[in-house]
Every structure is written in C-alpha cells, then in structure tokens.
> 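Just dropping this structure here.
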Amino acid sequence: MADEDEVQQDVDSLLEHQLEVEIIITCIQSIDESNGTHEAPQAKAEDEENPEGGEPPSIPTLEELECKFMVSILGGDAEESEIISFLKPEKSEDAEGEEADAEDQEAASSSKPVEEYTGPPRWMHKFQMNVTINEESVIRLCSGSNESTLSLIKGGLEAPILSLPLDLAPLIAGERKLSLTASLATTELAQQPYHVTEFQVEVVPRRAALTRALEARLHPLCLTVVAAEDLPDPPKYRRMWSWGARGADPRTVSIEELRGACRPAYVSYSLMPKG
C-alpha cells in the first residue's frame with residue numbers, strides 16, 4: 001500500500017503521464033422474430049430455400065465478412081479487435097477440466113449461486129490503450145476535434161463502413177466511465193441473416209485523467225451558456241421608421257454577413273469580484 005501511495009504521489013507531480021484506458025465493445029445479436037430464437041446466421045443461410053428452385057444463394061457467414069473494430073485516440077496508433085463472431089471457440093479436454101475446477105472452487109467459496117447468462121448472443125472485445133496526457137493533449141481532447149475515432153471495418157474494404165468520433169472530454173472533467181450505444185442499422189450486419197443491430201462502448205480509465213500538477217496548471221472550468229438575447233442588438237422600434245434608411249435589417253442578415261460585420265461571440269465572467 002505504501003508503494004502504491006508513493007507511485008500516486010509521483011504521478012500527481014507530473015505535467016505529463018501515460019493514462020491507461022480500457023475500452024470495452026459489445027455487440028448483441030437480436031432475436032429472430034420468426035421463431036423467437038437466437039439462430040446462428042450460417043445455419044439460417046443454409047436452411048433458406050431458393051424460391052425459383054435449384055441451389056440456394058451463397059450467403060457469407062458473419063465470420064467470412066471479417067468485420068472488426070479499430071480504435072484510434074488523438075490520431076495515434078490504432079488498435080484492432082478480433083473478428084466479430086458469435087461462434088463459441090472449441091475447447092480442449094484439458095481446458096474444460098480446468099474451467100470446471102475453477103467453477104467448483106468459485107462455487108465453494110461463494111454462498112450465492114452463480115447465475116448463468118441466458119440473454120441473446122453477445123460478442124465482446126477489450127482494448128488496453130495508453131493515452132499521453134499533458135497540457136497539449138488536454139486542450140485537443142476538449143476542443144471538440146474528431147481525432148479520436150471508433151471505426152467498423154470490413155475485410156477487403158479500405159474505407160470503414162462506420163466511423164464514430166470518441167468524445168473523451170468528460171474524462172478531463174473527472175468522469176471515471178463513459179458509455180454509449182451506436183446503431184448498425186445502416187450496415188449489412190443489421191440485415192438477415194446476421195441481425196447485429198447495435199453495439200455498446202465503454203471507456204474506463206484506470207485513474208483520474210488530470211494529475212494535481214495539471215489541475216493546478218490548467219484550472220479546468222466548465223461554463224454552460226443557457227441563453228443569449230438581442231443578438232445582434234437592433235435599435236429600438238420606432239413607428240413609421242424604415243430599416244432601409246439605416247441599412248439591412250439585422251434580423252434578416254445572413255450568417256456570413258454577420259461574421260464579416262460583427263466581432264466573434266465570447267463569454268465574460270467574474271468569480272468572486274472584489275468590492
């Protein structure tokens with residue numbers, strides 16, 4: 001425990017450190033509405049009949065599509081997952097014996113019964129990635145850029161079939177877990193016979209993103225603008241007065257014209273003003 005405290009003190013004094021982040025991606029196969037079961041894609045493809053007679057069309061299995069996820073943080077090195085598959089890997093007799101012994105030991109050490117997962121088939125992959133946290137990377141993470149991405153790629157295609165930005169700014173604000181759900185409805189994975197309609201992503205940092213030294217250096221502060229009025233500020237209404245005499249009506253001026261004529265919007269604030 002003393003060694004861990006010393007390590008934490010050393011990290012807190014750094015203006016740059018490596019933050020270990022675990023990214024968990026889970027895909028769930030939806031229920032086959034025709035029979036209310038979770039039917040394997042390849043089995044369903046083989047059972048389908050060709051309405052015109054003859055051999056059924058060749059439908060690739062989910063494994064043959066070679067779909068996998070790729071994660072990139074701040075434009076750094078990308079990490080790839082295993083190929084998405086809902087097939088259970090074959091286990092050797094030795095592995096099955098070791099797993100049975102482990103389950104027996106766990107059941108003996110716990111008074112509660114072990115609940116077996118009975119939900120729809122799911123596929124899960126975990127990434128272990130290191131993110132360099134310093135003053136520059138914090139600004140990049142909070143600037144709203146799309147340098148951190150999660151992509152779904154398919155074998156044989158150069159461009160991803162789905163790409164989503166990963167907003168890691170909440171980690172800088174102190175969040176210890178980020179969760180999001182994304183749809184696969186626009187991809188062929190959601191179609192028959194695969195029925196993979198969505199996936200879930202969890203981002204879990206091992207420790208707080210900001211060290212005490214970085215907090216003292218950056219003084220992070222979040223401001224939320226809830227309302228803005230009188231933008232732009234026209235003169236008060238006067239009866240029988242025409243906008244044409246003074247120029248275009250500011251209420252109908254285009255955004256491009258406003259950008260050229262007005263100063264950029266800004267927020268001013270004062271914390272604990274003197275006097």
> Under a 3.5 Å distance rule, please check whether Arg217 uses its side chain to pair with a backbone N or O of Glu135 as donor and acceptor.
no
> With clusters defined by side-chain heavy atoms of hydrophobic residues (ILVMFWY) lying less than 4.5 Å apart, directly or transitively, does Leu87 cluster with Ile83?
no
> Indicate the atoms forming the closest heavy-atom contact of Ala78 with Met70, along with that distance.
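Heavy-atom minimum between the residues: CB-CG, 3.6 Å.
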> Flag the pair Gln18 / Thr132 as yes when at least one side-chain heavy-atom distance between them is below 4.5 Å, and no otherwise.
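Yes, their side chains come closer than 4.5 Å.
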> Identify whether Leu210 and Ile139 are in the same connected component of the hydrophobic contact network (ILVMFWY, side-chain heavy atoms under 4.5 Å).
no
> Please round to the nearest 0.5 Å and tell me the distance separating atom OG1 of Thr181 and atom CD of Gln200.
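So the OG1 of Thr181 and the CD of Gln200 are separated by 4.5 Å.
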> Which is it for Glu198 and Leu184 under the side chain to side chain contact (heavy atoms under 4.5 Å, CB included) test, yes or no, and what are the steps along the way?
CA-CA 5 Å; Glu198 65 181 21; Leu184 293 172; 5.5 Å; no
> Is the shortest side-chain heavy-atom distance between Val196 and Trp123 below 4.5 Å?
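When only atoms from C-beta onward are counted, Trp123 and Val196 do not touch, as no gap falls below 4.5 Å.
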> Ser30 side chain to His195 main-chain N or O, any donor-acceptor pair under 3.5 Å?
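Side chain of Ser30 to backbone of His195, a donor-acceptor pair under 3.5 Å: yes, one is there.
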> If two hydrophobic side chains count as joined below 4.5 Å and joins carry through other members, does Leu180 share a cluster with Leu189?
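Looking at the clustering, Leu189 is in the same group as Leu180.
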> Decide yes or no for Leu74 and Ser137: does some side-chain heavy atom of the first lie under 4.5 Å from some side-chain heavy atom of the second?
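Yes. Closest side-chain heavy atoms under 4.5 Å.
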> Under a 3.5 Å distance rule, please check whether Arg176 uses its side chain to pair with a backbone N or O of Arg206 as donor and acceptor.
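Checking the backbone N and O of Arg206 against the side chain of Arg176, a donor-acceptor pair under 3.5 Å is found.
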> Can you tell me how far apart CZ (Arg140) and CD1 (Ile73) are? Round to the nearest 0.5 Å.
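Here the rounded value is 11.5 Å.
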> Atom CD of Glu63 and atom CZ of Phe86: how far apart are they, to the nearest 0.5 Å?
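The distance works out to 9.0 Å.
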> What distance do Gln128 atom CD and Ile24 atom CD1 have between them, rounded to the nearest 0.5 Å?
8.5 Å
> Under 4.5 Å between side-chain heavy atoms, counting indirect links through other Ile/Leu/Val/Met/Phe/Trp/Tyr residues: same cluster for Val204 and Val21 or not?
no
> So which pairs with a foot in residues 127-168 pass ring pair (Phe, Tyr, Trp, His ring centres under 6.0 Å), sequence neighbours left out?
His125-Phe127
> If you measure from CD1 on Ile23 to NZ on Lys126, what distance do you get to the nearest 0.5 Å?
13.0 Å
> Count the heavy atoms of every other residue, nucleotide or ligand shown that sit under 6.0 Å from CD of Glu82, and state whether that count exceeds 12.
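Result for CD/Glu82: open.
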> Membership question, hydrophobic clusters at under 4.5 Å side-chain separation (ILVMFWY): are Met129 and Leu178 in the same one?
yes
> Quick one: does Ile59's side chain get under 4.5 Å of Tyr194's, heavy atoms only?
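They are in contact (side-chain heavy atoms under 4.5 Å apart), so the answer is yes.
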> Of all heavy-atom pairs between Leu19 and Ala208, which one has the smallest distance, and what is that distance?
CD1-O, 4.1 Å
> Report yes if some heavy atom in the side chain of Thr211 is under 4.5 Å from a heavy atom in the side chain of Ile133; otherwise report no.
no
> Without placing hydrogens or testing angles, list every side-chain donor-acceptor pair under 3.5 Å for residues 150-175, not counting sequence neighbours.
residue	atom	partner	partner atom	Å
Ser151	OG	Ser163	OG	3.3
Lys154	NZ	Glu188	OE2	2.5
Asp167	OD1	Ala169	N	3.2

> For the CG atom of Leu214 and the CZ atom of Arg212, what is their distance to the nearest 0.5 Å?
13.0 Å
> Pairs in or reaching into residues 147-180: which pass ring pair (Phe, Tyr, Trp, His ring centres under 6.0 Å), with residues at least two apart or in two chains?
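Listed once each, the pairs would be none.
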